Amino acid sequence: MLKGKTALVTGSTSGIGLGIAVELAKQGAHIVMNGFGDVEGPKAQIAAHGVKVEYHGADMSKPAEIEDMMKFAAGKFGGVDVLVNNAGIQHVSPIEDFPTERWDAIIAINLSSAFHTTRLAIPFMRQKNWGRIINIASAHGLVASASKSAYVAAKHGIVGLTKVAALELATTGVTANAICPGWVLTPLVQKQIDDRAAREKISVEQATKELLQEKEPSLQFTTPEQLGGMAVFFCSPAADNVRGQAWASDGGWTAQ
Ligand code: NAD
């Protein structure tokens with residue numbers, strides 16, 4: 001379905017971003033990867049599906065590096081047809097103790113980076129009259145939890161940005177939508193489980209159970225592959241008129 005198209009997925013060296021990049025590659029899209037840590041392993045996982053894979057290590061908190069990454073993608077593939085804004089970090093702390101430097105980093109990486117990639121991707125998408133902007137928000141883009149002020153603010157913000165982009169592009173073939181996952185067992189969540197186990201002096205297994213019980217009626221994690229499937233749907237012709245939505249895969253978290 002995506003043969004000849006290019007998808008750029010921020011934060012695709014790990015977790016959800018990698019899962020989405022693999023599912024888009026299965027549909028034939030060439031992939032521009034981004035993110036920190038091991039690159040070669042994830043790159044091989046994506047390339048196994050017979051597509052071209054390029055990597056750019058832009059730090060999503062730095063607008064100049066984001067601009068460089070978008071120029072790099074244009075140089076390699078002519079432009080970006082599918083933009084997945086996924087890179088994200090977390091910090092858990094009550095507002096009065098929240099380190100201001102962590103607040104700034106979360107807003108920059110989880111929210112402002114999507115503004116920069118989107119503003120730079122739109123001209124190419126308009127020119128082709130086809131494009132998909134897929135923002136990885138969160139259940140925390142729809143509801144809040146204590147001690148996650150920056151994350152919840154950024155995720156509510158990205159849902160808002162998604163709606164504005166969808167409206168500005170409504171008469172074109174470019175759509176913008178958000179995916180709102182509940183718990184997905186990635187390094188970002190494993191850290192929260194490990195912290196809970198240490199804090200409550202319980203096993204990691206017990207902490208995992210409690211984390212799910214607290215929020216998700218299904219008591220199940222969503223997988224990166226399932227979120228990749230959702231992104232593939234947003235890229236399909238069936239979703240041509242799905243615009244400005246924030247779709248959850250959260251085991252019933254936000255239905256309560
Ligand atoms: P992860 O830690 O496995 O992956 C995060 C990715 O972002 C990595 O590739 C990392 O290198 C990259 N990254 C972090 N800071 C970066 C920066 N400054 N510049 C470039 N890349 C950077 O986490 P994940 O769980 O896969 O999270 C991916 C996205 O999904 C995030 O936006 C997160 O908020 C969102 N999300 C996760 C869950 C969950 O339960 N795991 C739930 C809802 C939403």
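Atoms within a ligand are numbered from 1 in the order they appear, just like the ligands themselves. Values below: all heavy atoms of this structure, side chains included; hydrogens, waters and symmetry mates excluded. Predicted model only: the values in this text are computed from it and were never measured.
Relative orientation of the W247 and F233 rings is parallel, given thresholds of 30° and 60° on the angle between their planes. Note on ring orientation: taking the six-membered ring where Trp is involved, the planes of F98 and H91 are perpendicular (angle over 60°, cut-offs 30° and 60°).
The closest side-chain heavy-atom distance from I193 to Q190 is below 4.5 Å. Counting heavy atoms from C-beta on, the side chains of V51 and I46 come closer than 4.5 Å. Contact of the Q90 side chain with the K148 side chain is registered, since non-hydrogen atoms from C-beta on lie closer than 4.5 Å. Looking at T6 and K76, their side chains never come closer than 4.5 Å, going by heavy atoms from C-beta outward.
Ligand 1 has no nitrogen or oxygen under 3.5 angstrom from a nitrogen or oxygen of G17. Taking only nitrogen or oxygen atoms, main chain and side chain alike, N110 does not reach within less than 3.5 Å of ligand 1. In terms of polar-atom proximity, defined here as any N/O pair under 3.5 Å, T13 does make such a contact with ligand 1.
For atom 37 (C) of ligand 1, the closest non-hydrogen atom on the protein side is I16 CD1, 3.4 Å. Shortest contact from atom 5 (C) of ligand 1 to any protein heavy atom: G88 O, 3.8 Å. Of the protein's non-hydrogen atoms, the one nearest atom 16 (C) of ligand 1 is F36 CE1, 3.5 Å. Closest to atom 6 (C) of ligand 1, if we only count protein heavy atoms, is G11 O, 3.5 Å. Remark: minimum distance from atom 43 (C) of ligand 1 to any protein heavy atom is reached at P181 O, 3.3 Å. The single protein non-hydrogen atom nearest to atom 33 (C) of ligand 1 is Y151 OH, 3.4 Å, given as residue, atom name and distance. Of all protein heavy atoms, the one closest to atom 44 (C) of ligand 1 is A137 O, 3.2 Å. Residue, atom and distance of the protein heavy atom nearest to atom 3 (O) of ligand 1 are S14 OG, 2.6 Å.
Contact annotation: for I89 versus ligand 1, heavy atoms closer than 4.0 Å belong to the side chain alone. Under 4.0 Å from ligand 1, not a single heavy atom of S113 appears. When heavy-atom distances to ligand 1 are checked against a 4.0 Å cut-off, Q90 has no atom that comes that close, whether in backbone or side chain. Residue-level proximity to ligand 1 for A139 is absent, since no heavy atom of it falls below 4.0 angstrom. Under 4.0 Å from ligand 1, the heavy atoms of T186 that appear belong solely to its side chain.
Heavy atoms of G182 come nearer than 4.0 angstrom to ligand 1 in at least one pair. Assignment of P187 to the shell around ligand 1 is supported, since a heavy atom sits closer than 4.0 Å. Taking 4.0 Å as the cut-off, H140 does not count as a neighbour of ligand 1 on heavy-atom distance.
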Next on the checklist: Set out, in order, the CA-CA distance, both residues' side-chain angles and the distance that settles side chain to side chain contact (heavy atoms under 4.5 Å, CB included) for C235 and L24, then state yes or no.
Outcome noted: CA-CA 9 Å; C235 293; L24 295 176; 4.1 Å; yes

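Listed by number with element, the atoms of ligand 1 under 4.0 angstrom from any heavy atom of I109 are 18 (N). The contact set between ligand 1 and D59, taken as ligand atoms under 4.0 Å from a residue heavy atom, comprises 17 (C), 18 (N), 19 (N). Interface atoms of ligand 1 facing G15, defined by a heavy-atom separation under 4.0 Å, are 3 (O), 26 (O). With ligand atoms numbered from 1 in the order given, ligand 1 contributes 28 (C), 29 (C), 30 (O), 31 (C), 32 (O) to contacts under 4.0 Å with heavy atoms of N86. For ligand 1, the atoms lying closer than 4.0 Å to a non-hydrogen atom of W183 are 40 (O). Residue contact check: V189 has heavy atoms under 4.0 Å from atoms 39 (C), 40 (O), 41 (N) of ligand 1. Near A58, the atoms of ligand 1 lying under 4.0 angstrom from a non-hydrogen atom of the residue are 19 (N), 20 (C). Near A87, meaning under 4.0 Å from one of its heavy atoms, ligand 1 places the atoms 7 (O), 21 (N), 22 (C), 32 (O).
Sparse packing is recorded around CD of E205, with 12 or fewer heavy atoms of other residues, nucleotides or ligands lying under 6.0 Å away. Summarising the local packing, CG of L219 is surrounded by more than 12 heavy atoms from other residues, nucleotides or ligands at distances under 6.0 Å.
We find the CD-CD1 distance between Q226 and I20 to be 12.0 Å, quoted to the nearest 0.5 Å.
A salt bridge (Lys or Arg N to Asp or Glu O under 4.0 Å) check over residues 241-256, counting only residues at least two apart or in different chains, returns nothing.
With no hydrogens or angles considered, a side-chain donor-acceptor pair links S145 and K215 at under 3.5 Å.
Taking each heavy atom of T10 and T117 in turn, the nearest pair found is CG2-CG2, 4.4 Å. The two residues R196 and I202 make their nearest non-hydrogen contact at O-CG1, 4.3 Å.
Salt bridge R132/D240: present, at least one basic N to carboxylate O contact under 4.0 Å.
Of the candidates N177, N86, N85, N85 is the only one forming a side chain to side chain donor-acceptor pair (under 3.5 Å) with N135.
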